[in-house]
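Step one of this worksheet: look at the structure below.
All figures in this text were calculated on a predicted structure; none of them were measured in a lab. So that the names make sense, note that chain A is the first sequence line, chain B the second, and so on, each numbered from 1.
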2 protein chains.
Amino acid sequence: MDIREIAKRAKVSTATVSRTINRVPTVDPKLAKRVWRVVDELGYFPNTQARALVSGRSRILGLVVSEITNPFFPEIVQVFENIAVQNNYEILLTSTGHDPVRMEIAVRRMIEHRVEGVALMTFGMEESLLENLKRRKIPMVIVDVGPPRPLVSNIRVDYQHGIRQAVQHLAALRHHRIAFISGPLRLPSARARLDAFKNAMHELDLPAHDELWVEGTHTIEGGVEAAGRLLSLPSRPTAIMCSNDMTALGVMRKSHELGIHIPHDLSLIGFDNIHISEFVLPPLTTIEMSQAELATLAFNALLAELQRKTPNPNGTEYALETHLILRESTARPKQEADNAKKKKAAR
Amino acid sequence: MDIREIAKRAKVSTATVSRTINRVPTVDPKLAKRVWRVVDELGYFPNTQARALVSGRSRILGLVVSEITNPFFPEIVQVFENIAVQNNYEILLTSTGHDPVRMEIAVRRMIEHRVEGVALMTFGMEESLLENLKRRKIPMVIVDVGPPRPLVSNIRVDYQHGIRQAVQHLAALRHHRIAFISGPLRLPSARARLDAFKNAMHELDLPAHDELWVEGTHTIEGGVEAAGRLLSLPSRPTAIMCSNDMTALGVMRKSHELGIHIPHDLSLIGFDNIHISEFVLPPLTTIEMSQAELATLAFNALLAELQRKTPNPNGTEYALETHLILRESTARPKQEADNAKKKKAAR
DNA sequence: TTGAAAGCGCTAACAC
DNA sequence: GTGTTAGCGCTTTCAA
């Protein structure tokens, strides 16, 4: 069942069928009606392969995430896919796990499918990947912290803002020994978060002891492990900030195991604001980086690039804000709380 | 840059290039080497649209899940996609949220892309969806509880086994008032779990009071809400079983809010065994339904169907077991524990 | 073993 | 406003 079959039955040419289906406005309504009748009767659906081939437009967008198993990403996939479908695009999804091999395979798949654009939501580490796509002048958006790159649009996340808010919040609570569990440092975004933390500490003249930051993996397991080290320190931190929420969940778990109560004995702040953070016990104070906004920004960036007649050689810069979400995983450190009580009693 | 360009530069015909790329063994190694050289030099990648068009095989599989935002599904997507890519398939992913409109759109997209098979991991409620695909003789796998259907392979989950284990476990702990929070009852799979629960209760002569089961939504929020109702009952249940882990997380949250301690005051059992269940506090006792196995089963079912020369009119039946994973969210009910202590003391 | 050529289903130029 | 037709990039007969 193809366009010719429809044409024959509706007694028009294939060109008219094509125009009708593509809603070209100049088609005589009488003919159009005849065409639609037959289309509906036969349950005809145009073949996207043929369309793509002749039009030179695949209507497919590549979406690369690092770990679909981390709750941060499904949200992004969901939103991105929704908007894509609304705009008649399909998406080619890859979860690379930061594995260069899978990344390379992903690039091959995307090129073979002639994707019209690629959104790289892997938060760093894909330089080599870009080259092949760039050579083919495929529009790209990337979440990045480096300098602007030619031909690539950039969503610049303002890590500093949210992280500063968090550190200030902790400082206001009178925390001094604040630890940081970073993500894998080969990820530029993880490095950027760590730097933002150090900056914020510095701004407030708080000591950023080297023993008080450890490298994590952005997974629960990594959080458990890192917390184990941090909490066995002779002089324990009174607060821990994490490079993502999964890590924070790991810290919660480990603290519980050690009989350390959050927030009474230890304050904890995450990063991402994944949906579940609101529901763990205690509800996690965290820094929001909106998944929906990120996905929307990425899609629109791609769409904008696709709609230009003359491709922008410089790529466009976009910005995404982060900010603190106060919940219940932070409190005054015990020592301080005791002092406060004493003071009160003394009066 | 196309196959003709390669042919010209390698001084062979396009047919030979095609054969080389598709690794047809009869190609003269000399020629093949020449072809590969040019292919690599130019960075040529065959156009899948053209391939699909001429071969009549899209090498795309449809994968429909209900809610990618529920951690149960990303795991499935991950595994399914991995195997698919290994077998040179691409996947067309849809998360329907059980919305009939999106479901219909998904069907259209899949047909337009001429998917070679469809895996329906929505756990029920898609009857109408099937018709259109079935008419086109597209192989399907579905996770279902109904009678076998023609042309559709079926992964039959043995809910009864795991749920019986769970109820027995609770009974052994001396729980009598066991509540059940189901999923949306329009989902056959949710209904099946509820039925399995009632059966298991009946087997053990435990009373299944009507007030002790409420309908949930398979979300955290639904769990919170349902727990609210159950825990404000004049005669509270001592244990709650949930139709999925997300619901159980909601119960945990609500219990905490009400100052009800798990497992001391309330035992809790989930269903699915999503990754995070192991890390919540307390670690959740739950019934495992392996996501990896489910995905693997589904893909293999599709592949098997695609490789038959004569399509199987009846579809094949597959089976997936469920079983209890003991963790720390269950204990003796307080009353019983007290009694036990007294007995001990009396001796 | 290789090449010439037909044709997959559709769109878009062009002619009418 | 509509029809005719070339051709998108590839695979696959068929003949040599």
With a 4.0 Å cut-off on heavy atoms, is A:V17 in touch with a base, just the backbone sugar-phosphate, or nothing at all?
-> nothing
Identify which nucleotide among C:dC10, D:dG3, D:dC8 has an atom closest to any side-chain atom of B:R4, counting heavy atoms from C-beta outward.
-> D:dC8
Would you mind reading off the distance between A:R57 atom CZ and C:dC10 atom C1', rounded to a whole angstrom?
-> 16 Å
Of the nucleotides D:dC10, D:dT2, C:dT2, which one has an atom closest to the side chain of B:D28?
-> C:dT2
Trace of the salt bridge (Lys or Arg N to Asp or Glu O under 4.0 Å) decision for B:R9 with B:E5 = CA-CA 6 Å; B:R9 300 212 188 194; B:E5 181 71 17; 2.9 Å; yes
Expected output: side-chain B:N47 to main-chain B:Q49 donor-acceptor under 3.5 Å | yes
Measure the distance from CD1 on B:I6 to C1' on D:dG9 and round it to the nearest whole Å.
-> 12 Å
Exactly one of B:I142, B:L294, B:V77 clears side chain to side chain contact (heavy atoms under 4.5 Å, CB included) with B:M121, and that residue is B:L294
Find the distance B:I21:CD1 to D:dG9:P and express it as a whole number of Å.
-> 14 Å
Could you tell me the separation between the NZ atom of A:K30 and the C1' atom of D:dT2, rounded to a whole number of Å?
-> 16 Å
By nearest nucleotide on DNA chain D, pick out whichever of A:R19 and B:N22 is the more 5' one.
-> A:R19
When you look at A:E116 and A:Y89, which way does the side-chain hydrogen bond (donor to acceptor under 3.5 Å, both in side chains) test go after all the steps?
-> CA-CA 10 Å; A:E116 297 182 29; A:Y89 275 91; 3.0 Å; yes
Let me know the distance between NZ of B:K8 and P of C:dG3, rounded to the nearest Å.
-> 15 Å
Rounded distance in Å - CD1 (A:I3) to C1' (C:dT11) | 8 Å
Calculate the interatomic distance between B:L53 atom CG and C:dC8 atom P; express it in whole Å.
-> 9 Å
Any B:S13 side-chain N or O less than 4.0 Å from OP1/OP2 of C:dA4 = no
Please check the phosphate of D:dT11 (OP1 and OP2 only) for any side-chain N or O of B:R51 closer than 4.0 Å.
-> yes
With a non-hydrogen cut-off below 4.0 angstrom, is A:V12 in contact with a base, only sugar-phosphate, or nothing?
-> sugar-phosphate
Under 4.0 angstrom, heavy atoms only, what part of the nucleic acid is B:S18 near: base, sugar-phosphate, or nothing?
-> base
Provide, to the nearest angstrom, the distance between the CG atom belonging to B:L42 and the P atom belonging to D:dG9.
-> 15 Å
Per nearest nucleotide of DNA chain D, the residue lying toward the 5' end, A:T14 or A:T26, is A:T26
Main-chain N/O of B:G146 paired with B:R156 side-chain donor or acceptor, under 3.5 Å = yes
If you check every side-chain atom of A:V54, which of D:dC10, C:dC10, D:dG3 has the closest atom?
-> C:dC10
